[in-house]
Number of protein chains: 2
Amino acid sequence: MSSDHPNPVPSPLPSCTPTLPGFTCGLDATLRVIAGKWKPLILYFLAQRGPIRYGELRRAVRDVSDKMLIQQLKELEADGLVKRTDYREVPPRVDYGLTPLGRGLAEALVPLCVWGTENIAEVTRLFAEREAGDDKLPAARTAGTGKEASPG
Amino acid sequence: MSSDHPNPVPSPLPSCTPTLPGFTCGLDATLRVIAGKWKPLILYFLAQRGPIRYGELRRAVRDVSDKMLIQQLKELEADGLVKRTDYREVPPRVDYGLTPLGRGLAEALVPLCVWGTENIAEVTRLFAEREAGDDKLPAARTAGTGKEASPG
DNA sequence: CGGAATCCGGGTGGATACTG
DNA sequence: CAGTATCCACCCGGATTCCG
């Protein structure tokens, strides 16, 4: 069963140092840190636009509620990725920026952003098919990731 | 802590082509594709180990149930990232591999893997503090997104 | 071995109203 | 402006059971 299968064998990716305590691999560790619907987007916007105020961040990350934004920001802050600065003024002024750790993580997101931009046509078409109701995928689609599919 | 400004202005990241139809940016599009607790891990394992059988993949992605693994694989297949091959044998033999599109996405995950590996110490410490019940984070941890990535 | 179907609890996350 | 508090629908995802 070595040479007779129709699947072309791709060249393997660089190793992931799979022997880590508590985590499957480095990717696993990263995924747990950015686990949360809005965290990658938050990190990336903060990286792009520098320390920005709460309201501006909320406008940038569209479709996010106050509750979720605050919640995820608090977690990111507790994880040492985001730094909050309260200027203690009236009216209130608070801004959020990245720590060095957070900036490193944000930079690691760049290839994902590039991939999405380069393959935007494919992705758009895929989501259009999802919306149209695929015959071959009755429940897997609706139960999958259809929640945030409202077009903005 | 170095003697830096409280809010150091980071060097801006490369642009994200923020004017895309339906998506906030390229990163947003990518995130919707890999939305799902196990999808990035699945993609990465498939990229590393080539076309592998179902059982082997399940062993690689630990802590995943059959239901979730199958579900996410189906979505990845429907999205044109994963290719399933059924050899129609008894006992059944099926393997999963990446399409060119999936391969590209998996390669975009490499920096995240690298970041996790390089910062494994920080991440491990953070999660240890979470488990210990942090005094400074009474409710944000328990009510927050501490566990999963909401595939959304 | 490789799946499919069903039940089901709990967490996620949205909406709304309110505060300083 | 920058949050906070509360309610609750909904979906994720685990366990179990059955099929080809």
Side-chain angles (χ1 to χ4, degrees), chain A residues 1 31-32 34-39 41-42 51-77 82 84-97 130 136-150 152, chain B residues 31-32 34-42 51-77 82 84-97 130 137-152:
Chain A
M1 47 195 73
L31 290 174
R32 297 206 204 180
I34 60 174
K37 194 175 182 179
W38 309 99
K39 285 185 185 175
L41 243 29
I42 292 172
I52 61 176
R53 298 184 59 171
Y54 175 84
E56 191 179 357
L57 180 59
R58 202 200 158 178
R59 255 168 272 126
V61 187
R62 283 174 299 167
D63 302 329
V64 69
S65 64
D66 280 323
K67 175 191 170 181
M68 289 315 301
L69 183 54
I70 287 294
Q71 179 183 306
Q72 310 254 308
L73 280 171
K74 278 190 176 177
E75 295 187 12
L76 288 171
E77 188 189 2
V82 162
R84 191 185 102 118
T85 305
D86 189 339
Y87 292 92
R88 297 232 150 250
E89 297 174 355
V90 278
R93 186 158 71 98
V94 174
D95 65 29
Y96 292 88
R130 287 188 186 182
K136 294 184 177 181
L137 290 165
R141 267 310 130 198
T142 59
T145 322
K147 185 170 56 175
E148 63 275 26
S150 57
Chain B
L31 290 174
R32 297 204 204 181
I34 60 173
K37 195 175 183 178
W38 309 101
K39 285 185 185 175
L41 244 29
I42 291 172
I52 60 177
R53 298 185 60 172
Y54 175 82
E56 189 179 357
L57 180 59
R58 205 204 157 177
R59 255 168 272 127
V61 187
R62 271 172 267 159
D63 303 327
V64 68
S65 64
D66 280 323
K67 175 191 172 183
M68 290 315 302
L69 183 54
I70 287 295
Q71 178 184 310
Q72 310 255 306
L73 281 171
K74 277 190 176 178
E75 295 187 12
L76 289 172
E77 188 189 2
V82 162
R84 191 186 102 115
T85 305
D86 188 341
Y87 293 91
R88 294 244 151 241
E89 299 175 351
V90 278
R93 186 159 72 99
V94 173
D95 66 28
Y96 292 89
R130 285 188 187 181
L137 288 166
R141 267 309 133 196
T142 59
T145 319
K147 286 180 59 182
E148 39 234 313
S150 136

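So that the names make sense, note that chain A is the first sequence line, chain B the second, and so on, each numbered from 1.
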Length of the line joining Gln72(B):CD and dG3(C):P, which is rounded to integer Å: 15 Å
Met68(B) CE - dA4(C) P separation (whole Å): 14 Å
Nucleotides 2-9 of chain D: protein proximity per nucleotide (B base, S sugar-phosphate only, - neither; heavy atom, under 4.0 Å): SBS-BB--
Atom-pair distance (CG on Asp63(A); P on dA15(C)), nearest Å: 9 Å
Partners meeting side-chain hydrogen bond (donor to acceptor under 3.5 Å, both in side chains) with Asp86(B) (sequence neighbours left out): Arg84(B)
Approximate separation, where rounding is to 0.5 Å, of Arg32(A) CZ and Lys37(B) NZ: 9.0 Å
Leu57(B) side, atom CG; Asp95(B) side, atom CG - distance, nearest 0.5 Å: 10.5 Å
Whole-Å gap separating P (dC1(D)) and CD1 (Ile52(A)): 14 Å
Rounded distance (Å) that lies between atom C1' of dG3(C) and atom CG of Leu57(B): 14 Å
Contacts of type side-chain hydrogen bond (donor to acceptor under 3.5 Å, both in side chains), residue Arg59(B), not counting sequence neighbours: none
Value in whole Å for how far the C1' atom of dG3(C) lies from CD of Glu77(B): 13 Å
Distance, rounded to the nearest Å, where Lys37(B) contributes NZ and dG11(C) contributes C1': 11 Å
Between CG on residue Leu73(B) and OH on residue Tyr96(B), distance to nearest 0.5 Å: 5.0 Å
Asp63(B) and Trp38(B), any side-chain heavy atoms less than 4.5 Å apart: yes
For atom CG of Leu69(A) and atom P of dT12(C), their distance in whole Å: 17 Å
